[in-house]
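See structure below.
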Amino acid sequence: MLHNLGSINLDHYYRVPHLVQPGETLASHGYHVGQGGKGANQSLAMALAGGRVCHWGRLGRQDSWVRERMADAGIDVSHIELVDEPSGHAIIQVDDQGENAILLYPGANHGFTRQHWEQLSHTVRDGDWLLLQNECNGLPDLFHSAHARGLHIAFNPAPMSDSVLELPLEACALLFVNRGEAAWLTGLAETSASEILLAGLLRRLPTTPTVLTLGAEGAWYQSADERHFQPAMPVQAVDTTGAGDTFIGYYLAALQEGQSVTRCLRLASQAAAIGIQRPGAADSIPARQEVEARLNPQ
Ligand code: ADP
């Protein structure tokens, strides 16, 4: 089983003629709300890929529909608490030119306590995985107790912040980083060639297997003694939001099945490539059958 202690957000999208200015009151001419949060989206991708995933999360009581939706997708939601706090949410303005401005409130995602880590330690079984991102509080404690409990930690340090540099990243069994996160971790320029970023990651974390995703360029897997490259599928991107989340969920589902690194990379790239041809993040994650059909056309 993979346990994902991760954020659940509600994304409120407002369509506006222009981004609201200081002191201005602006009428929006479109609105919709969707499920978001890197944690929830990665769980969703893993479940749609057929993986066994238990999500540990906190959600405002009034938003229980999100938990139901996650359960319908096949996620074990028994450790998603409904609490008397506002859910994590984002207020997203998108103007008619496609520019956006985002206000993020972490809400219930930042209410984890020692009790949660203890409950997690008692619930997991030997050999289980723990997936983490950087949208919930308490990562240092969680890293410590998960490592002591012998869990395999998979970590996606997104959104990146300086606090990540303080974490014992060498405790990770697998690290997922995109170009920007790799640059931040290594102190290299974001525009560095992939070879330079890979060498920097190896210097920084010589024994930590790492997947480096590079958008339309593709993705690398690197460990102390192996390297594999998977070029991105040549597709016309419509909306790349959530590409990394789809990639990670699919990669981990394939890994759970015991697939090879090359197969994990291929499946994950194909899933992400389908997702980016559709608008939205959670709504664009494809089901396994569709991904396999694209990989193995009749
Ligand atoms: P993130 O969303 O975390 O920034 P990336 O942009 O690196 O992550 O994308 C993750 C993966 O999604 C890539 O490694 C690639 O497989 C796929 N992907 C992203 N953008 C494209 C694109 N324009 N064309 C094809 N595949 C893409």
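Atoms within each ligand, like the ligands themselves, are counted from 1 in listed order.
Here the protein heavy atom with the shortest distance to atom 25 (C) of ligand 1 is M233 O, 3.2 Å. Closest protein heavy atom to atom 11 (C) of ligand 1: F247 CD1, 3.8 Å. The nearest protein atom to atom 14 (O) of ligand 1, hydrogens excluded, is given as G218 O, 3.1 Å; this is a heavy-atom distance. What sits closest to atom 23 (N) of ligand 1 on the protein, heavy atoms only, is A216 CB, 3.5 Å.
In the candidate list A232, G215, P231, G215 is nearest to atom 18 (N) of ligand 1, counting heavy atoms. Here the shortest heavy-atom distance to atom 7 (O) of ligand 1, taken over T213, V177, I276, belongs to T213.
The V235 neighbourhood of ligand 1 comprises atoms 24 (N), 25 (C), with distances under 4.0 Å to a heavy atom of that residue. Short contacts between ligand 1 and A219, defined as distances under 4.0 Å to a heavy atom of the residue, involve ligand atoms 14 (O). The S269 neighbourhood of ligand 1 comprises atoms 16 (O), with distances under 4.0 Å to a heavy atom of that residue.
No side-chain donor from either of H228 and Q222 sits under 3.5 Å from a side-chain acceptor of the other. In this structure, a donor-acceptor pair under 3.5 Å is present between the side chains of Q259 and E257. Judged purely by distance below 3.5 Å, without hydrogens or angles, the side chains of W56 and H3 pair a donor atom with an acceptor atom. Of the N and O atoms on the side chains of N134 and S161, at least one donor lies less than 3.5 Å from an acceptor on the other residue.
Aromatic rings from F155 and F143 are positioned such that their centres are separated by under 6.0 Å.
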Could you walk me through whether N9 and N109 satisfy the side-chain hydrogen bond (donor to acceptor under 3.5 Å, both in side chains) test, starting with their C-alpha distance in whole Å, then the side-chain angles of each, then the deciding distance to 0.1 Å, before giving a yes or no? CA-CA 8 Å; N9 280 339; N109 293 320; 2.9 Å; yes
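The side chain of A272, and not its backbone, has at least one atom closer than 4.0 Å to an atom of ligand 1 (non-hydrogen atoms only; side chain from C-beta on).
Between N178 and ligand 1, at least one pair of N/O atoms sits closer than 3.5 Å. Between G244 and ligand 1, an N or O atom pair is found at a separation short of 3.5 Å.
By the neighbour-count criterion of 12 heavy atoms within 6.0 Å, atom NE2 of H12 is densely surrounded, having more than that number from other residues, nucleotides or ligands.
F247 and Y251 have parallel rings, their planes meeting at less than 30° on a 0 to 90° scale where 60° marks the start of perpendicular.
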